2 protein chains.
Amino acid sequence: MKVGTLGHAVLGLLTAGSLTGYDLTTTFDRSLGNVWSASHSQIYPELAKLQSAGLIEQTGTGPRGSKLYTTTEAGKSELHRWLGGAVPHETLRSEHMLRVFFLWMVEPADAVAYLRREADRHRDALTRYERAIPYVPLDGHPSERWARIVLEAGLRFDRSMAEWADWAAAEIERDES
Amino acid sequence: MKVGTLGHAVLGLLTAGSLTGYDLTTTFDRSLGNVWSASHSQIYPELAKLQSAGLIEQTGTGPRGSKLYTTTEAGKSELHRWLGGAVPHETLRSEHMLRVFFLWMVEPADAVAYLRREADRHRDALTRYERAIPYVPLDGHPSERWARIVLEAGLRFDRSMAEWADWAAAEIERDES
DNA sequence: TGACTCATGTAAGAAGTTACATGATTCT
DNA sequence: AGAATCATGTAACTTCTTACATGAGTCA
């Protein structure tokens, strides 16, 4: 059976502790959503698939008939195989950048306005990350430390993109004046 | 008819000049591939779809029966509608970051090795971008200037991710010693 | 009691990847 | 002549999004 990225994400989360499909959904919406997301309509079928492949098992029942799942030994071994495997090169895929590529077709003033909005958006994200930092200390549990390292990547990403958008807007404005 | 991101990418490229499906494929493989890519098996059906919707038209024939397409007025108007429209928030989606999120499960030495490889990979990408810069001057044609602005985003992205990976590796190593 | 959150599913369709398939031209 | 590149398509499958559908528990 072939396990995809979503499958590995689920295996990883269920290895740290038993969770329901609903718990997974909210995790993908919040913290983990910054790097990988999935909706409940993807998660429930994935849980069924992983269970029938013997990589996870139902280990209990929660509040209102909710089902708690945990990674099996086979699941952990699959997870570690993935964690140790080769990383295919990841190509950035951004609709925003695609639009920027075509911005020479619009009025320079509109292009600049677009870039300024982009900068603002990245600064907003930056603020959210900064507010989250106190809750994810670098010197806490290993899982927390790594969550913080991922958060730091998001933070640096948004900071550098905000700077880029400001630089680009200034570059276009300089040229128009 | 609903036009997706691929459709807008095609409309944009065909607005700058007539191209064949093959030309589009190579463009998505090279320059534009840094922000948006598509394989020929996606492109040919998309061309058929855009043509039957009247957004592009075949305006000539190339070397060996290849077909040259150009954006129609309706296509240009759809393109401009997209360029001026609202930008839905873009959530970063990275299998690498997902793996980092779970790196507390592997030996610290392996985790550090992973991060160092990541840093190298980003530095390689950085070198490629830097080599491309002379061919895309900031003071050239508008379309070139914007291509350079997009290139600059890629460059800053890879630079900041290389720095991040080095920082994270050092952070883990510091803690282990 | 009515709204909201918790909780789990299915269905239809769009988007993307990989593999299959074919033929013309150019270069060595 | 054979290999590489140019050139265009189709088929099968996986992944992801949006919408449909339902029911239990909680709180004002």
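Keep in mind that this is a model prediction, so the values were computed, not measured. In what follows, chains carry the letters A, B, and so on, assigned in the order in which the sequence lines appear, proteins first and then strands, with residues in each chain numbered from 1.
Residues M105(B) and V35(A) are members of one and the same hydrophobic cluster, defined by side-chain heavy-atom contacts under 4.5 angstrom among Ile, Leu, Val, Met, Phe, Trp and Tyr. Grouping the Ile, Leu, Val, Met, Phe, Trp and Tyr side chains by contacts below 4.5 angstrom, directly or via other members, places F157(A) apart from L151(B).
Atom CE of M1(B) and atom P of dG13(C) are 16 Å apart (whole Å). Taking atom CD on E46(B) and atom P on dG16(C), their separation rounds to 9 Å, with Å as the unit. Regarding I43(A), its CD1 atom lies at a distance of 12 Å from the P atom of dG9(C), rounded to whole Å. As rounded to whole Å, 12 Å separates atom P of dT10(D) from atom CG of L47(B). The nearest whole Å value for the distance from the CD atom in Q58(A) to the P atom in dA7(C) is 14 Å. Here the P atom of nucleotide dA7(D) and the CG atom of D29(B) are 14 Å apart, to the nearest Å. Here the P atom of nucleotide dC16(D) and the CZ atom of F28(A) are 10 Å apart, to the nearest Å. The CD-C1' distance, from E90(B) to dC16(D), rounds to 16 Å in whole Å.
Counting only heavy atoms from C-beta on, L6(B) has its side chain closest to dG16(C) among dT5(C), dG9(D), dG16(C). For Y69(A), taking side-chain heavy atoms from C-beta onward, the closest of the listed nucleotides dA14(C), dG9(C), dT8(D) is dG9(C).
The side chain of Y22(A) places an N or O atom within less than 4.0 Å of a non-bridging phosphate oxygen (OP1 or OP2) of dC6(C). Taking only side-chain nitrogens and oxygens, K2(A) comes nearer than 4.0 Å to OP1 or OP2 of dT15(D). Within the 4.0 Å cut-off from OP1 or OP2 of dT8(C), at least one side-chain nitrogen or oxygen of Y44(A) is found. Contact annotation: K67(A) side-chain N/O to dG9(C) OP1/OP2 distance is under 4.0 Å.
For D120(A) and R117(A), the salt-bridge test fails: no basic side-chain N is under 4.0 Å from an acidic carboxylate O. In summary, D166(A) and R116(A) engage in a salt bridge, as defined by a charged side-chain N under 4.0 Å from a carboxylate O.
Figure legend: R159(A) and W164(A) shown without cation-pi pairing, the cationic atom not lying both under 6.0 angstrom from the six-membered ring centre and within 45 degrees of its axis. Cation-pi geometry between R156(A) and W167(B) is met: under 6.0 angstrom from the ring centre, within 45 degrees of the axis.
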Find every protein N or O atom lying less than 3.5 Å from an N or O atom of nucleotides 17-28 of chain C, and list the pairs.
unit_1, atom_1, unit_2, atom_2, d
dT18(C), O4, S41(B), OG, 2.5

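When every heavy atom of W104(A) is checked against every heavy atom of A16(B), the shortest pair comes out as CZ2-CB, 4.0 Å.
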